[in-house]
Participant: 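Structure provided below as structure tokens; questions to follow.
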Amino acid sequence: MGKTTDISSAFGAVSVSLAADTDLAAGCRGFHCGTAGDVKVDYVGGGTGITLKSCLAGMIHPHQISKIYSTANGTTAADIVALY
């Protein structure tokens, strides 16, 4: 059987406030949505203002992003945690 890694010990996590656009220092390895919806992001290395439609709640989305936009600017998902 392969080795498993507890995701909480493999990553650092930061809760994202959606009151304003959030710049993620050095980018992140992925994010988790607690409430489903759209997440508007900038990618590490390029790609700005990209809307990821219908991100599921309770899942880790493995996107290397440098910014998450606020609810006023296009994000409808909530309870987002950036994973490093």
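Every value quoted in this text rests on a predicted model; they were computed, and no experiment measured them. One is the number of the first residue; the rest follow in order along the sequence.
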Participant: What is the distance from atom NE2 of H61 to atom CG of L52, rounded to the nearest 0.5 Å?
Facilitator: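 Here the rounded value is 8.5 Å.
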Participant: At their closest point, which heavy atom of Y43 faces which heavy atom of S66, and how far apart are they?
Facilitator: O-OG, 3.8 Å
Participant: Applying the 4.5 Å side-chain criterion to the ILVMFWY set and letting contacts propagate, would V16 and M59 be lumped into a single cluster?
Facilitator: no
Participant: What's the separation between atom OG1 in T71 and atom CG in D21, rounded to the nearest 0.5 Å?
Facilitator: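 It comes to 9.5 Å.
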Participant: Tell me, which pairs form a salt bridge (charged side-chain N to carboxylate O under 4.0 Å, His left out) where one or both residues lie in residues 34-52, sequence neighbours left out?
Facilitator: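 Sorted result for residues 34-52: D38-K53.
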Participant: If you look at every heavy atom in L18 and A78, which pair is closest and at what distance?
Facilitator: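 Looking at all heavy atoms of both residues, the shortest contact is CD1-CA, 3.9 Å.
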Participant: Calculate, to the nearest 0.5 Å, the distance between atoms OG1 and OH belonging to T51 and Y69 respectively.
Facilitator: 9.0 Å
Participant: Once you round to the nearest 0.5 Å, how far does CZ of F31 lie from CD of Q64?
Facilitator: 12.5 Å
Participant: To the nearest 0.5 Å, what is the distance between SG on C28 and CD1 on I65?
Facilitator: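 With rounding to 0.5 Å, SG (C28) is 4.0 Å from CD1 (I65).
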Participant: Looking at every non-hydrogen atom in both residues, tell me the closest pair between C55 and C33 and how far apart they are.
Facilitator: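 C55 and C33 have their closest heavy atoms at CB-SG, 4.0 Å.
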Participant: Can you tell me how far OG1 of T75 sits from CD1 of I80, rounded to the nearest 0.5 angstrom?
Facilitator: 5.5 Å
Participant: Do you reckon V44 sits in the same ILVMFWY cluster as I68, going by side-chain contacts under 4.5 Å, direct or chained?
Facilitator: no
